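For reference, the structure is listed below as structure tokens.
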Amino acid sequence: GAGVSQSPRYKVAKRGQDVALRCDPISGHVSLFWYQQALGQGPEFLTYFQNEAQLDKSGLPSDRFFAERPEGSVSTLKIQRTQQEDSAVYLCASSSPRASVGNTIYFGEGSWLTVV
Amino acid sequence: AQSVTQLGSHVSVSEGALVLLRCNYSSSVPPYLFWYVQYPNQGLQLLLKYTSAATLVKGINGFEAEFKKSETSFHLTKPSAHMSDAAEYFCASAQAGTALIFGKGTTLSVSS
């Protein structure tokens with residue numbers, strides 16, 4: 001696709017419900033990132049994939065958060081037993097084929113999660 | 001550990017005035033530095049990035065930023081603000097092998 005695509009754009013979940021957020025990166029992009037952005041805050045790193053390998057998951061806030069990218073393209077961020085503090089925008093980003101820190105990282109429009 | 005500090009959570013300017021958004025970084029070695037803009041209900045769009053080439057970096061929409069190692073700063077400027085510049089701006093840094101670390105953001109308001 002032309003850009004990073006995320007779905008659903010908006011999700012309202014009842015406390016305790018499991019949710020799954022999908023990210024379609026730009027075709028051919030090796031690196032994929034997930035960020036969490038709370039209201040009025042900057043994005044905070046959650047996890048990073050290079051192809052199908054999850055190289056860094058140090059930002060995942062608890063074991064209720066799980067991310068996968070089984071075929072090295074589409075990624076899913078799963079949140080189990082959602083809590084109100086999980087309410088945030090979840091941003092997915094990808095970068096160009098030659099994964100390098102200087103490469104431009106392209107962000108999707110985010111999935112807005114509200115836990116009630 | 002690296003960190004990014006954006007001074008001023010909210011900046012207001014008049015249309016046509018100079019825009020100055022401040023960013024300071026903290027890391028043991030000079031990082032790669034980025035400015036992103038976020039319009040309401042949209043994702044982050046890259047304005048410009050510093051990757052150890054020229055210290056004065058020009059970006060899209062007339063924005064530029066200057067890397068100053070002695071001040072550990074990477075302030076964003078635009079000579080003349082436009083109404084369409086009103087948005088949230090994020091400074092970010094990265095080291096080799098690490099993900100982007102973002103500041104808390106600065107909301108830019110532009111009045112006519």
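Any value given below was found using the heavy atoms of this structure, including those in side chains, with hydrogens, waters and symmetry copies removed. These numbers were taken from a predicted model, which means no experiment stands behind them. The sequence lines fix the lettering, A, B, ..., with proteins before strands; numbering per chain opens at 1.
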Region of A:Gln37 in contact with chain B, defined by heavy-atom distances below 4.5 Å: side chain

Interface moiety of A:Tyr35 toward chain B, non-hydrogen atoms closer than 4.5 Å: side chain

Intermediate values then yes/no, salt bridge (charged side-chain N to carboxylate O under 4.0 Å, His left out), A:Arg69 and A:Glu52: CA-CA 5 Å; A:Arg69 194 185 186 198; A:Glu52 69 278 4; over 6 Å; no

Within 45° cone of B:Phe63 ring axis and under 6.0 Å: B:Lys78 NZ or CZ: yes

Interface residues of residues 103-112 of chain B facing chain A - heavy atom cut-off under 4.5 Å: B:Gly103, B:Lys104

Shortest non-hydrogen contact between B:Glu15 and B:Met83, atoms and distance: OE2-CG, 3.3 Å

Toward chain A, the part of B:Gln38 with a non-hydrogen atom under 4.5 Å: side chain

Interface moiety of B:Leu46 toward chain A, non-hydrogen atoms closer than 4.5 Å: side chain

Salt bridge present between A:Asp18 and A:Arg64 (N-O < 4.0 angstrom): no

Aromatic centroids of B:Tyr36 and A:Phe107 separated by under 6.0 Å: yes

Check: B:Gln6 side chain, B:Tyr89 main-chain N or O, donor-acceptor pair, under 3.5 Å: yes

Check: A:Ser87 side chain, A:Val115 main-chain N or O, donor-acceptor pair, under 3.5 Å: yes

Contacts of type side-chain hydrogen bond (donor to acceptor under 3.5 Å, both in side chains), residue B:Ser84, not counting sequence neighbours: B:His82

